[in-house]
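Counting starts at 1 for both ligands and their atoms, in listed order. In this chain, numbering begins with 1 at the start of the sequence shown.
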Amino acid sequence: MRVLILGGDGYLGWPTAMTFSKKDHEVMVVDNYLRRDLARKHDVEPLWSVPNLLERVRTWHEITGHTIRARIGDCCEYSFLAPIFKEFQPEAVIHYAEQPSAPYSMLNHEAARITLNNNLQSTMNIAWAIHEHVPTCHIVKLGTMGVYGTPNIDIEEGWIDIEHKGRKDRFLFPRQASSFYHTTKIQDTDMLWFYVRTWGIRVTDLQQGPVYGIETDDTILDDRLKTIFSYDEIFGTVLNRFVVQAVSGYPLTVYGKGGQTRGYINIKDTIRCVELAMLNSPKAGRLNIFNQVTETFSVNELADKVARVGRDRGHHVEVKNIKNPRIEKEEHYYNPTYSGLKELGLEPHLLTDDVLNSMFEGVEKYKQNIQQHKIFRGVKW
Ligand code: USQ
């Protein structure tokens, strides 16, 4: 397939591009380095630096003989994005081109504005470019489990049947996010659902939980092909952060009571899920939604696992409950459905001790790069 990957420089975008390219899809990546720029501006660069996207694409070609085309530019600029759709005629577009951090979106007015403008404008531009230039193209958009919040009922896979005063209909499952970033993802879904109903485009929305992991089959081919790995409070997700904290002797930062439960996923499974979604395009005029997680854990459970494996490896690991900088429930019911992607063929990589040990190995090699001041600064909600 001809696949356009927007946000192709990111934690998920770059490994997705390599996997698809290796499988002989015709891949083009697009990125404007927003995440790199924000990380530099806020002094929260990843654990190791990675070459720029054009260099990575050259290295990929040198090592595998496969070609990934790359364009540097902003998906919020329609005059940049639309011609790419017109010329490349993608059959699928993978939309990762969003500001991905909840804490960043709560930092200040400027950060909220960037999050809102970037996430909604890019999504709207993609819908228009498809409508105008390649109406059969399937949008696979990365959403988030955070759109649902933590309701006191089971979370369905995107949709819910409601009976009201004797009549029945099907609606998007109620959404109530707990950060401004997550709220833009709700707005994305609403916008795309409108265009699906109105223009008959095809969309799959992947509601993903926090991702962990360092490696995929392709990132290990050469150090220059590594994906970024963030451990700071703004761009790092909780499990990746805990492993770095354990290696550097920083007490694991459990927010509040630590009963916050989420669905988690290994980076290898993210890429497989995106591939399965892409290969199973909905019919015109349909919005597919999948919950992209493989198992659920509380923060306390994650901290216990990391502490146990870390101590077995000789690290001195402490766990500390600190005042929660976020407004979120710390004890709650959580029971999401996540069967759709498994029915399409996902075979999950679960969070075993082996997986944790390989994450520790990956981080220990870069221990000298860990800067403890990046770990916690208390971005408050
Ligand atoms: N947490 C801690 N200590 C930490 C960091 C986080 O206790 O040092 C807690 C948070 O309070 C939260 C949970 O761990 O309850 C998950 O936090 P996170 O920072 O790993 O994830 P979050 O901010 O929700 O966002 C991440 C990604 C985002 C994605 C989302 C999926 O950055 O792009 O959409 O995970 S989800 O959480 O399911 O909405």
Side-chain angles (χ1 to χ4, degrees), residues 7 10-13 35 38-39 44 95-107 115 118-119 141-151 155 175-186 188-189 205-213 228-246 248 250-265 267 270 290-304 306 319-332 334 336 338 372 374-381:
Y11 175 52
L12 305 176
R35 192 186 186 290
L38 294 178
V44 287
H95 178 21
Y96 290 123
E98 300 210 358
Q99 190 297 102
S101 159
Y104 176 77
S105 74
M106 303 299 290
L107 197 57
T115 305
N118 186 79
N119 294 5
K141 189 196 67 92
L142 196 74
T144 174
M145 284 298 286
V147 295
Y148 302 120
T150 49
I155 295 172
R175 280 87 37 84
Q176 42 188 3
S178 59
S179 83
F180 189 63
Y181 150 75
H182 289 96
T183 302
T184 64
K185 292 280 188 177
I186 296 176
D188 272 347
T189 305
D205 206 346
L206 296 172
Q207 310 298 22
Q208 182 171 251
V211 183
Y212 59 85
I228 51 173
F229 182 83
S230 295
Y231 62 99
D232 64 277
E233 179 190 330
I234 293 180
F235 291 110
T237 47
V238 63
L239 184 63
N240 290 353
R241 280 165 57 66
F242 281 178
V243 172
V244 171
Q245 292 169 9
S248 79
Y250 193 104
L252 306 194
T253 53
V254 172
Y255 293 169
K257 291 182 185 146
Q260 303 92 306
T261 303
R262 302 285 183 268
Y264 289 84
I265 184 164
I267 188 170
T270 292
F290 295 110
N291 293 343
Q292 189 161 305
V293 302
T294 58
E295 51 194 333
T296 62
F297 298 108
S298 68
V299 176
N300 285 329
E301 286 169 327
L302 291 180
D304 287 347
V306 170
V319 177
K320 195 167 163 188
N321 292 77
I322 57 178
K323 191 172 174 335
N324 196 339
R326 305 182 181 195
I327 310 275
E328 61 182 358
K329 287 183 198 149
E330 295 172 7
E331 288 170 321
H332 57 88
Y334 198 66
Y338 45 92
Q372 290 200 342
K374 291 187 169 148
I375 291 176
F376 186 75
R377 63 170 68 173
V379 179
K380 281 208 180 62
W381 264 224

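By the 3.5 Å distance cut-off applied to N or O atoms, Val299 is not counted among the residues near ligand 1. For ligand 1, none of its N or O atoms has an N or O atom of Gly209 under 3.5 Å away. Not one N or O of Ser101 is nearer than 3.5 Å to an N or O of ligand 1, by distance alone. The distance criterion of under 3.5 Å between nitrogen or oxygen atoms is not met by Gln245 with respect to ligand 1. In terms of polar-atom proximity, defined here as any N/O pair under 3.5 Å, Val238 does make such a contact with ligand 1. In terms of polar-atom proximity, defined here as any N/O pair under 3.5 Å, Thr144 does make such a contact with ligand 1.
For atom 3 (N) of ligand 1, the nearest non-hydrogen atom of the protein is Thr253 O, 2.6 Å. Looking only at heavy atoms of the protein, atom 28 (C) of ligand 1 is closest to Pro100 O, 3.4 Å. Regarding atom 27 (C) of ligand 1, its nearest protein heavy-atom neighbour is Thr237 CG2, 3.8 Å.
Applying the 4.0 Å criterion to heavy atoms of Gly146 picks out, from ligand 1, the atoms 36 (S), 38 (O), 39 (O). Ligand 1 places these atoms under 4.0 Å from at least one heavy atom of Gln260: 11 (O), 15 (O). Ligand 1 places these atoms under 4.0 Å from at least one heavy atom of Gln208: 31 (C), 38 (O).
Of all non-hydrogen atoms in Ser179 and Ala102, the two that sit nearest each other are OG-CB, 3.4 Å. Closest non-hydrogen pair, Tyr255 versus Arg326, comes out as CE1-NE, 3.9 Å. Pairing each heavy atom of Glu233 with each of Arg377, the nearest pair is OE1-N, 2.5 Å.
Distance alone, capped at 3.5 Å, is enough to place a donor-acceptor pair between the Trp381 side chain and the Ser178 backbone.
Contacts between Glu328 and ligand 1 below 4.0 angstrom, taking non-hydrogen atoms only, involve the side chain exclusively. Contact annotation: for Tyr181 versus ligand 1, heavy atoms closer than 4.0 Å belong to the side chain alone. Contacts of Ala102 with ligand 1, taken as heavy-atom pairs under 4.0 Å, involve the side chain alone. With a 4.0 Å heavy-atom cut-off, ligand 1 is reached by the side chain of His182 but not by its N, CA, C or O.
Rounding to the nearest 0.5 angstrom, the gap separating the CD1 atom in Ile186 from the CD atom in Gln207 is 9.0 Å. In this structure, OH on Tyr181 lies 13.5 Å from CE on Met106, to the nearest 0.5 angstrom. The OG1 atom of Thr183 sits 10.5 Å away from the CD atom of Gln176 when rounded to the nearest 0.5 Å.
Comparing heavy-atom distances from atom 35 (O) of ligand 1 across Pro103, Pro210, Gly258 singles out Pro210 as nearest. The residue from Tyr255, Tyr148, Tyr264 that puts a heavy atom closest to atom 13 (C) of ligand 1 is Tyr264. The nearest non-hydrogen atom to atom 22 (P) of ligand 1, considering only Arg326, Arg262, Lys329, Gln99, comes from Arg326.
The closest side-chain donor-acceptor pair between Ser105 and Gln99, if any, does not fall under 3.5 angstrom.
Taking the side chain as every heavy atom from C-beta outward, Thr296 and Pro336 approach each other to under 4.5 Å. Counting heavy atoms from C-beta on, the side chains of Thr150 and Thr261 never come closer than 4.5 Å.
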**Prompt:** Do Phe297 and Leu239 pass the side-chain contact (heavy atoms from CB on, under 4.5 Å) test, and can you show the C-alpha distance, the side-chain angles, and the key distance before you say yes or no?
**Reply:** CA-CA 11 Å; Phe297 298 108; Leu239 184 63; over 6 Å; no
**Message:** As a quick check of understanding, evaluate salt bridge (Lys or Arg N to Asp or Glu O under 4.0 Å) for Glu98 and Lys185, giving each step before the final call.
**Reply:** CA-CA 9 Å; Glu98 300 210 358; Lys185 292 280 188 177; 3.4 Å; yes
